[in-house]
Amino acid sequence: MQEKFEVVEGKVDWKGRPAFKHKHGGTRSSLLILVAFGFENMATFALAVNLITYFNTVMHFELADAANQLTNYMGAGYILSILMAVLADTFLGRFKTVIISGCLEFLALILLMIQAHYPKLKPQPCNMFDKQAHCETVGGGNAAFLYVALYTLAIGSAGIKAALPSHGADQFDEKDPKEALQMSSFFNQLLLGVCGGGAASLTLIVWIQDYKGWDWGLGISSAAIFFGVVIFTAGLPLYRMHIVSESSAIVQILQVYVAAIRNRNLVLPEDSADLYEIERDKEASVEEDFLPHRNIYRFLDKAAIQQTPCGQVETPEVSSPWKICRVTQVENAKVILSMVPIFCCTIVMTLCLAQLQTFSIQQGLTMDTKLTNSFHIPPASLVIIPVSFIILIVPIYDKLFVPFARKLTGIPTGITHLQRVGVGLVLSSISMAVAALMEAKRKGVARDHNMLDATPVLQPLPISTFWLSFQFFIFGIADLFTYVGLLEFFYSEAPKSLKSVSTCFLWSSMALGYFLSTIVVKIVNSATKGITRNGGWLIGNNINRNHLNLFYWLLSILSFINFCIYVSVAKRYKYRNHK
């Protein structure tokens with residue numbers, strides 16, 4: 001009976017009343033969130049791997065430009081999650097952010113469907129692989145229509161990434177041992193939700209896009225996000241709602257840096273106890289945590305210097321938070337700063353991922369996609385291989401590997417989060433090396449059969465597209481280790497006040513990786529302009545005449561160098577004391 005009326009601290013129901021454990025939150029409400037996330041990924045996953053084909057064959061961007069358009073869109077969707085997280089924490093709330101973002105995605109997909117359907121809104125059909133053809137690239141009002149729809153979709157996707165996982169975590173009470181374990185399971189199930197929705201997207205929607213038309217494919221995606229929003233909204237009476245705070249954790253971190261810069265000319269006190277901190281007896285009333293002062297990154301301590309100008313006592317509590325911050329706030333900033341080197345070392349992995357979503361799909365278009373005598377698999381659907389593997393391996397990893405490794409290492413998670421990330425980084429380098437070998441083999445077949453100028457899809461090379469599955473498979477394993485390990489690392493190492501936005505660190509890493517891909521492609525083309533017939537390794541639409549294999553080798557070498565740097569950084573990292 002006592003549990004029946006137990007109030008969940010810091011959470012309310014949809015009417016602003018205290019949330020009760022027996023009535024709100026838990027696995028029941030989190031299931032609706034997982035299903036909604038699955039539908040959202042069903043709606044958008046296909047675009048992440050197949051949009052390059054749309055840009056190239058329908059909107060008539062050259063291959064390298066089409067790849068850059070896709071990576072810019074993906075990067076925007078991830079980097080904007082930071083802004084959406086701030087809005088969710090300080091203004092809208094997570095539930096409203098998810099609803100608004102879902103509606104934006106629905107609107108954007110409808111706009112893209114309209115443009116794909118009506119000939120007047122896109123360039124005239126043209127064979128981009130015919131050297132004699134002069135295909136017109138989308139421009140003017142039609143280009144504006146495309147970009148408005150595309151980046152509206154990016155904003156909506158950013159809001160879902162920023163708010164939905166955190167809202168799911170809100171359904172569990174970390175202080176309750178039973179619910180803490182359920183929260184851990186929720187994050188694993190979140191990955192399964194992504195992969196489940198992605199599997200449907202990569203099989204059904206990609207096939208419809210390629211063989212029934214992009215308007216039909218985008219229409220199915222619109223329906224998927226509509227159902228996702230409806231299912232998520234249906235759980236409103238069951239949800240535990242996070243109380244919107246006046247200041248976001250991200251804003252508080254920025255305040256530390258601004259205050260430290262403003263106080264840069266002040267002298268640090270010899271005793272750290274003289275730095276500003278609220279009184280301990282205020283903890284219960286303001287629900288604040290306290291972190292002990294550490295003698296690292298001392299320049300940030302200047303943000304907590306208490307000033308008494310002109311002999312007058314200044315009350316820190318009423319001072320601008322952009323001028324003075326409490327010690328715990330400064331220590332939070334130090335924790336984040338200490339994770340930056342780890343964060344930077346994971347950017348290159350997304351750079352590799354971007355190539356599998358762009359150039360590897362174009363490789364597949366030139367190959368034999370026959371699965372049976374009457375069925376052809378779309379090249380973009382090859383991503384189903386690592387996705388399916390993840391769906392199978394996640395339960396095995398949790399139920400078999402982790403307990404076995406725990407007995408050997410004594411670590412609750414089997415291996416440390418940083419070890420898990422490191423395994424993924426080295427596998428990404430191997431994946432790019434395998435991709436280079438497969439590309440050399442593919443070009444060799446084209447050369448041996450005098451098909452270097454063959455038209456993709458219409459004149460497939462006599463080599464199965466399933467040869468590309470090796471690079472996708474290896475990167476799928478890398479994805480499981482690095483991205484999930486990175487998410488767990490950020491969530492476990494982040495202080496309590498930053499846990500709600502910890503997923504943004506992962507999204508930011510991926511965003512920078514996508515943007516870096518755009519930059520690297522342009523640099524490589526500029527650097528190789530004078531040493532290749534095409535005017536660059538990746539210039540032109542004929543991938544058979546390009547030097548994609550050399551580009552893959554370059555990425556493999558860069559990834560290995562990055563891994564070596566990561567090992568050095570990870571060895572020096574000191575895990576935060578969680579006591």
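For the 3.5 Å distance criterion, the side chains of Arg442 and Asn544 qualify, holding a donor opposite an acceptor. Inspection of the Lys161 and Ser157 side chains reveals an N or O donor paired with an N or O acceptor under 3.5 Å. There is a side-chain donor-acceptor pair under 3.5 Å between Ser568 and Arg572. No side-chain donor-acceptor contact under 3.5 Å links Glu331 and Tyr297. A side-chain N or O of Ser509 and one of Thr346 form a donor-acceptor pair less than 3.5 Å apart. Using modelled atom types, one finds no donor on one side chain facing an acceptor on the other under 3.5 Å when comparing Ser464 with Asp368. Side-chain contact of Thr44 with Glu105: a donor-acceptor pair under 3.5 Å is absent, judged by distance alone.
Classified by interplanar angle (parallel below 30°, tilted 30° to 60°, perpendicular above 60°), the ring pair Phe490/Phe343 is tilted.
Tyr566 places a side-chain heavy atom less than 4.5 Å from the side chain of Leu418. Counting only heavy atoms from C-beta outward, the side chains of Met367 and Pro456 never approach each other to under 4.5 Å. Considering only heavy atoms from C-beta on, Thr366 comes within 4.5 Å of Ile543 through its side chain.
In this structure, CE in Met432 is found 11.5 Å from CG in Leu558, a value given to the nearest 0.5 Å. To the nearest 0.5 angstrom, Ser360 atom OG is 10.0 Å from Phe475 atom CZ. Here Thr528 contributes atom OG1 and Ile539 contributes atom CD1; the two are 7.5 Å apart, rounded to the nearest 0.5 Å.
Of the residues listed (Gln252, His293, Glu277), the one engaging Thr328 in a side chain to side chain donor-acceptor pair (under 3.5 Å) is Glu277, and it is the only one. The side-chain contact (heavy atoms from CB on, under 4.5 Å) test with Ile52 singles out one residue from Asn68, Thr57, Leu63, and that residue is Leu63.
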- With ring pair (Phe, Tyr, Trp, His ring centres under 6.0 Å) as the test, would you mind laying out the steps for Phe466 and Phe472 before giving the verdict? CA-CA 10 Å; Phe466 281 96; Phe472 283 111; over 10 Å; no

